Undergrad: 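Dropping the structure in here first, questions after.
Lettering of chains follows the sequences in order, A, B, ..., and the numbering in each one begins at 1. Predicted model only: the values in this text are computed from it and were never measured.
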Amino acid sequence: MSDTQAIQAEAGPAPLHGLLAEYDNPTALVRAAKKVRDAGYAHWDTFTPFPIHGIERAMGIRMTRLPWLVFVAALIGLANGVLLQFLTNAWDYKWLVSGKPFWSWPANVPIAFEMTILYSAFAALGGMLIFNNLPLPAHPLDLKERFARVTDDRFFLLIEARDGKFDEVDTRRLLESTEPLLLDEVLEDRVTSDKIPRALIYTLIVAGAASLVPFAAFTAARARHSEKPRIHAIWDMDFQPKFKAQRANPLFDDNRAMRKPVAGTVATGALRDDDHMYRGRVGDAWATTYPAGVQVTEETLRVGRDKYNVFCAPCHGFAGEGDGMVHKRAETLGQGWVPPSNLHQEYLRLQPVGELFNSITNGVRNMPAYGPQIEPDDRWAIVMYVRALQRSRASGLGDLSEAERSGLK
Amino acid sequence: MAIASDINPYQGALKGDNAFAQITDNVSRIMEAPKPPRAWYIAMGFSLMLLAMFGASLGFVVWEGIGAWGHIHPVAWGFPIVNFVFWVGIGHAGTLISAILFLLRQNWRTAINRFAEAMTIFAVICAAIFPGVHIGRPWLPYWMTPIPNQMGMWPQFRSPLEWDIFAVGTYATVSILFWYMGMIPDFATFRDRSKTTVRRLVYGLLAMGWRGSSRQWHRYERAYLLLAALATPLVLSVHSVVSFDFATSQLPGWHTTIFPPYFVAGAIFGGFAMVVVLAVPSRQFFGLKRIITMRHLELMSKIILATGMLVGYAYGMEMFIAWYSGAIYEQFAFVNRAFGNYGWAYWTMIFCNVLAPQVFWSKKMRTNVWVIFFVGVLVNVGMWFERFVIICTSLARDFLPANWGYFVPSVVDYATLAGSFGLFFTLFLLFCRYIPMVAMAEMKAFIPEGHAHDH
Amino acid sequence: MAQPKHKKDMVADSGHAGDYVDDSIRLGDEANGLFRIAAGIGVVGIVLAVVLGGGLTHQQFQHSYLTAFMWGLSIGAGALWWVTLQHLVGARWSVAVRRVGELLAHSLVLMALLSLPVVVPMLLGNDSLYRWVSHEYMASEHVLEGKAGYLNVSFFAVRCVIYFGFWALMARYFLKASVAQDKSGDTSLTARMGRASPLTMIGFALTLTFCAVDFLMSLDAIWFSTIFGVYYFSGCVLAVHSAMVLALIWLQRKGHLVRSVTVEHYHDLGKMMFAFTAFWTYIAFSQFMLIWYANIPEETHWYHMRLEGAWWPATLALAILHFPVPFFGLMSRQIKRNKTTLALGAVYLLVIHWYDMYWLVAPNLHKEPVFHAADFAAWVGVGGLIVAFVVWKARSVNLLPTKDPRLQRSLAFENV
């Protein structure tokens, strides 16, 4: 800050900001501070390269409220830490871990504690800056070249002109009585512009606009439809160097990725020579009885129910009325849909079990084949369960015993 | 090469006619000298080489997958987690020196607290990288943060690994706040001494318009005290949480209730050793012998000795309780630790952590910089091995012999470990050159001239 | 805690702060009164405890007495640790109050004697307290057989001799050397005590740990926890600082050390009480959380006893009364600097520390928390005997280490 005086002169006379006294040791400063305090000034301050102990008392500075701010922040942090874990793990997304209760507080202590500390630490630093009115880019004292030594080895005392008790003569006399190294007038800052530099404004505008570009791109991408596959920045394991079923593989003469079994061989357990069991046929006709390997028991029926509920119920409905979830959804969408059969229709009730088995194995009309997904004995179990379902709807008085019938009357 | 460049710009007479100015000058001339000493360039070159190796090996791991490391089936934690715990531990001494010694009114800390704090932050940066890469898909670490996402899932807050995210994250943040806050007055000093506009602008922005008003000092000191009081339980909690990663499990050798305080003691132990390792050359090359004196080194040696004993106590208790428990798996884990496949690692640890510091019983050894430096290095080695022993020995031999294995690190493992030192030293060297390495304002307050004799 | 403060460096030349010269540093007649009352209460308390507890070897008396004994031991052991620590780090602030700590540590001599009601019946084969004394019990569980090398009566007795011998020796050493310095003014004694402190500290850490394992942890012979020694230690530190605060306040009310011990010393003692409330919680939580989390049967049964049924509210009460209440209660600087409130805090911590001991011991006997009259009688008895013993010793020595080279700094010490 050289030639301040000259610049000051060009800018016109500036009003007095205050009187500045300089000392070279803390003892002199503390003595001076006591005098100024006793003289009853309010708008004054001392400036030192390091905190001087005892100066709070000498200046009559009251204890800051900062600890309270930090305490409140700590409580907020604690509440936040507890709530975060409660709401996410015990309420919104219940997650069972090693048999512990959803809300198991001992496991939540560490994070609640860390959050408490984190919030308090921000409050301590932030509160200090806010209470201290920092950052403060410019100050009239900056125009004093000597004042730069305040961060090195000099001690200053400033009484501001706006103080009610300030009087150019009396205040000067008071400060002189403290035997400063130097006593100087500080003028208001008319040199430093309080306008934000143009370049900074432009930079901020450009940076601000640029920061919106990604968001604009996201928005645009969400609004548009694209046929192209999504950008695969990171492949993870989405593309693997392997050959999938039914794909070409130039390694072999026949270009198939899948290999056929050696001619004339059957894989262990893959021999399907029992027509009744595997195709539902006895001779040329559909089988009307269950094959020898399938026992008509409650256990088989239970298996049949489970399998039916997994594989069939989505379309045919749990009761077999052709009103499964997939069907309902298709109806709502209204995009054209051949409804699944109601299994209680007359012709289905009369169909031989072998034909039902065949429909499950190979599919019928729009229904796909379930043979590859369901084991043969499970398919027979499903047939048995379907029969039971059908029977449940087609029962009449004749099914009851004499005693039961009389009980109904 | 010209002889002039060999002259260390940091040695020689100090400017200034009073004690305050001399402190300012002693610390500021490091930043103001046109060139750092030759040792700095050599160290920087070496560090950058290691850093390049770090970048290359991490890049390779990210590209190739963590199979590039030597992990095998039972030892899935290997080097990365050993390094993570090692570096987090190093970080602890910084906070200890700044916060706990501050609360205990140990004024000698002012000579070393700033760069111990810097060390904390750099060590935490090194530490955070390892689990970040070890998760396997380092582009997805945000999955560990509670951000509402399209999967409708939240992190699993009952997992100690999730606690780590919060503990280490909080620790890094608070350490940076604490470090920065301590530097505000010193940045102001640099600002006021800067000759070039760029420096004045940068240091001016960092100083935020600090002018040393006593009213501001009052709040500043209160805030500093509060931060210290917050950092103290924080530093305890962070390494405790790291220890929970192991101790909440049922693995013999990991599940031990003494782990939290034992890890904290070990961290302080290793951290102080690292401070010593950094302080000895720093004071030599940057002319700080008047600030970091022999007395400081001696006190740190004593702390290393004391914390070494605490760590030794924990080793002993673990052994005793493993026997006392009567549980065969516990007993086997500890016998295996000392006499199994990895016995050499265990005895390296015992030698470096328990035996080596014993030389500090002698005052002669405590005041010999070479001995201090050498023991500091040994303790760092020992503390690294401590984590290796805990992780690898325990994992390699758990309940079922069918589940046993032997972990052999790969070349990439060694390269990442060595490389992490490159990152640490590079950051540290940059810090030495551009940031006030000693807390000038605090130091001035503690010299006799800094007291007002008028109460 | 507090800012570093440098006034102490300059006090030597200004010398304005409290001089001990015109301070009362010897106990007068009031000590005789206190000695008689405390000794009376102590003897009556113990006798009552025996009567109410159903006899010397009865389970109830044994458990009540062990609770009280471990409570009293934590004051003396804590004091020995505290005195050793002051020598180890060369502390200056504490010199003015160190004699009180030395006297409290000296109570370990009494504690050696008071351990007999626990140890002697055991030597005679009484297993009302420690089930492992019985051979049948040790043979009943496979894991216990392996422990017999440690958990047997004769080795237990040997260990007791080591613990109490070592403590009594060191407590007497520090008191005697310090008192000798009062007379001779020999500053080399300070250096000698400083040199003795590191090994004392190591010995203390080991003896206290194993003492806690023997007297408290082995109540449940199967259970084990590596942190247990630290847990008991944290209680010791709380107890000794509380006891020192109360002792100092009593002394000052009787007109002693009025100028030597200032609010600054109380503030520091208060800060230690505050810090170690948090430390106790840290240790207690670590132990509990790790055992709760890993859920291994041989560990959890110890907590299971304390977390199920009627013990659950008692455990919850311990957690609340031992952490949030004293933590927030002692947080404020004003509270620590006010003798009345600090004394309240000290009494509170001593009571809650007894409850902590009760929580460790009583579930071994009762399936639900029962406060037996013998519990209180034994507690009052042990407390009374300790006070009487300390006062008896204190009558013959100065209450201030008058010739300690660091005394001046301690007198002028100031928190910010």
Undergrad: Is chain B contacted by the side chain of V150(A), its backbone, both, or neither, given a heavy-atom distance below 4.5 Å?
TA: side chain
Undergrad: Could you check whether any side-chain N or O of H218(B) sits under 3.5 Å from a backbone N or O of T64(A), counting only pairs where one atom can act as donor and the other as acceptor?
TA: yes
Undergrad: So, W163(B) side chain and A107(A) main chain: donor-acceptor pair closer than 3.5 Å or not?
TA: yes
Undergrad: Quick one: does R219(B)'s side chain have a donor or acceptor within less than 3.5 Å of a partner on L129(A)'s backbone?
TA: no
Undergrad: Are any non-hydrogen side-chain atoms of F50(A) and E442(B) less than 4.5 angstrom apart?
TA: no
Undergrad: Under a 4.5 Å heavy-atom cut-off, does chain B meet the side chain of F122(A), its backbone, both or neither?
TA: both
Undergrad: Is it the case that the ring center of F20(B) lies less than 6.0 angstrom away from the ring center of F155(A)?
TA: yes
Undergrad: Keeping the roles fixed (side chain from R211(B), backbone from T48(A)), state whether a donor-acceptor pair exists under 3.5 Å.
TA: no
Undergrad: Answer with side chain, backbone, both or neither: which region of W44(A) has an atom nearer than 4.5 Å to a non-hydrogen atom of chain B?
TA: both
Undergrad: Run the side chain to side chain contact (heavy atoms under 4.5 Å, CB included) test against A127(B) and tell me which residues pass, sequence neighbours left out.
TA: F84(B), W87(B), V88(B)
Undergrad: Counting only non-hydrogen atoms closer than 4.5 Å, does M440(B) touch chain A with its backbone (N, CA, C, O), its side chain (CB onward), both, or neither?
TA: neither
Undergrad: Taking the side chain as everything from C-beta on, heavy atoms only, tell me whether R215(B) gets closer than 4.5 Å to M59(A).
TA: yes
Undergrad: If we check side chain to side chain donor-acceptor pair (under 3.5 Å) with N18(B), which of these qualifies: D153(A), N25(A), D152(A), D24(A)?
TA: D153(A)
Undergrad: For N132(A), does its backbone N or O pair with a side-chain atom of Q216(B) as donor and acceptor, under 3.5 Å?
TA: yes
Undergrad: Let me know if P137(A) has heavy atoms under 4.5 Å from chain B in its side chain, its backbone, both or neither.
TA: backbone
Undergrad: Just so I know, are the side chains of Y224(B) and M128(A) near enough to count as touching, which here means a heavy-atom distance under 4.5 Å?
TA: no
Undergrad: If only atom types and distance count, is the side chain of S213(B) paired as donor or acceptor with the main-chain N or O of F47(A) below 3.5 Å?
TA: no
Undergrad: Contact between R191(B) and T151(A) at the side-chain level, heavy atoms closer than 4.5 Å - yes or no?
TA: yes
Undergrad: With heavy-atom distances below 4.5 Å as the criterion, would you say the side chains of D192(B) and F147(A) are in contact?
TA: no
Undergrad: Side chain, backbone, both or neither: which part of A233(A) has an atom under 4.5 Å from a heavy atom of chain B?
TA: neither
Undergrad: What part of L118(A) gets closer than 4.5 Å to chain B, counting heavy atoms only: side chain, backbone, both or neither?
TA: both
Undergrad: Less than 4.5 Å to any heavy atom of chain B: does that hold for the side chain of F131(A), its backbone, both, or neither?
TA: both
Undergrad: Is any side-chain heavy atom of S237(B) closer than 4.5 Å to a side-chain heavy atom of E114(A)?
TA: yes
Undergrad: Heavy-atom distances under 4.5 Å only: say whether R65(A) touches chain B with side chain, backbone, both or neither.
TA: neither
Undergrad: Between N89(A) and W154(B), does the side chain to side chain donor-acceptor pair (under 3.5 Å) criterion hold? Intermediate values first, please.
TA: CA-CA 7 Å; N89(A) 274 193; W154(B) 296 104; over 6 Å; no
